[in-house]
Amino acid sequence: MMASDLRGQIILSEVLSNEPAGRVRLEWVEIYNQSAFEIDLGGYVLIADSDTNNLPAGILLEPQSYAVLARQLESENGSDSFEGYWGDSSGVWGDHESEDFLALDVAMTLSNNSGNVIIKDDPGIVLDEVIWETASDDGRSMERADVGDINSGWHDCFDPDGSTPGRENSIVPSGGESAFEVNIDPIVVSHANNGFDSFSIEVVIPPATKLTVKIYDETGYKVRSLIENSETNVLGLSWDGKDDNGKPLSPGIYLISFDLSGRSSKSKVCPVVIAP
Ligand SMILES: [Ca+2]
Ligand SMILES: [Ca+2]
């Protein structure tokens, strides 16, 4: 394959524009080499809002590999830098097993609320572009859904860490990007025979939302708080049929409420039964 045929094989795969809380220099852009060949990044141009960066020649990105272009890769005291936050904070990139991918410094400032990033090839042809018009949560990146398909869309990162620099992007849950799913199994349990089975509860919530789960009796009295403001996208919980004081509840029907806050404010209520 001619070198020129490789030009279109570098795509944008992830953007972190809204840094983790309290940080100011931690923006980065992840690129991906779709091809089956090493590609020299020399000649590629990254444009982030008004900042233009000519990537340095002689740096090779391996096939099907990611590289991070960071606003501040390293810093002397290790703190406010990509290496300090996503690496081992030694002050040097590449000296730790968590730092096993290519990362470079670029000059850029990405706005949280709206912006765009473009990658061009040597002759100035736009290879890929991403535009955003709303802020993601603090520390949550935007990821391309499928790095093998340049036409695929983008979504907020579903990984509990909030981003996936240098590695595969997170997967959209089966229910879709706005998935809010609750599965409870079983829905009837019994106090009989001393032993008490628990309700097993799995919840999928959209990115940038927080989940609170509470349990009420039939009269609307709250008997138990299971979790508050959890940001985990796929969460497994269990309820042992006891109240907040650890006391087994009387047989009857109970209502488990699932409330989202943040970007979406949906709710669900699911009835379960404690049998005699
Ligand atoms: Ca390091
Ligand atoms: Ca990634």
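Whatever order the structure lists them in is the order used to number ligands and atoms, beginning at 1. When reading the values below, keep in mind they use all heavy atoms of this one structure, side chains included, and skip hydrogens, waters and symmetry mates.
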Novice: Side chains of Leu104 and Val68: closer than 4.5 Å at any heavy-atom pair?
Specialist: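 No, side chains not in contact.
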
Novice: Among Ile, Leu, Val, Met, Phe, Trp and Tyr joined by side-chain contacts under 4.5 Å, find the other residues sharing a cluster with Ile118 and list them by chain and number.
Specialist: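 Members besides Ile118, by chain and number: Val45, Ile47, Val126.
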
Novice: I need the protein N, O or S atoms closer than 3.0 Å to the Ca ion (ligand 2), given as residue plus atom name.
Specialist: Glu14 OE1, Glu30 OE1, Glu30 OE2, Thr164 O, Thr164 OG1, Arg167 O, Asn169 OD1

Novice: What residues join Val204 in its hydrophobic cluster, counting side-chain heavy atom gaps under 4.5 Å, either direct or through other members?
Specialist: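 Val234, all in the cluster of Val204.
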
Novice: Counting only N and O atoms by type, is there a donor-acceptor contact under 3.5 Å from the side chain of Asp159 to the main-chain atoms of Asp161?
Specialist: yes

Novice: Just by distance, do the side chain of Trp132 and the backbone of Ser111 share a donor-acceptor pair under 3.5 Å?
Specialist: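 Checked: pair present.
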
Novice: Parallel, tilted or perpendicular: which fits the ring planes of Tyr32 and Tyr66, with parallel below 30° and perpendicular above 60°?
Specialist: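 Judged by the thresholds at 30° and 60°, the geometry between Tyr32 and Tyr66 is tilted.
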
Novice: Salt bridge between Asp137 and Lys210, side-chain N to carboxylate O under 4.0 Å?
Specialist: no

Novice: Is Asp80 paired with Arg71 through a side-chain N to carboxylate O contact shorter than 4.0 Å?
Specialist: no

Novice: Does the pair Asp128/Arg144 count as a salt bridge with the N-to-O cut at 4.0 Å?
Specialist: yes

Novice: For the Ca ion (ligand 1), check which protein N, O or S atoms are under 3.0 Å away and list them.
Specialist: Glu83 OE2, Asp88 OD1, Ser90 OG, Val92 O, Asp95 OD1, Glu99 OE1, Glu99 OE2

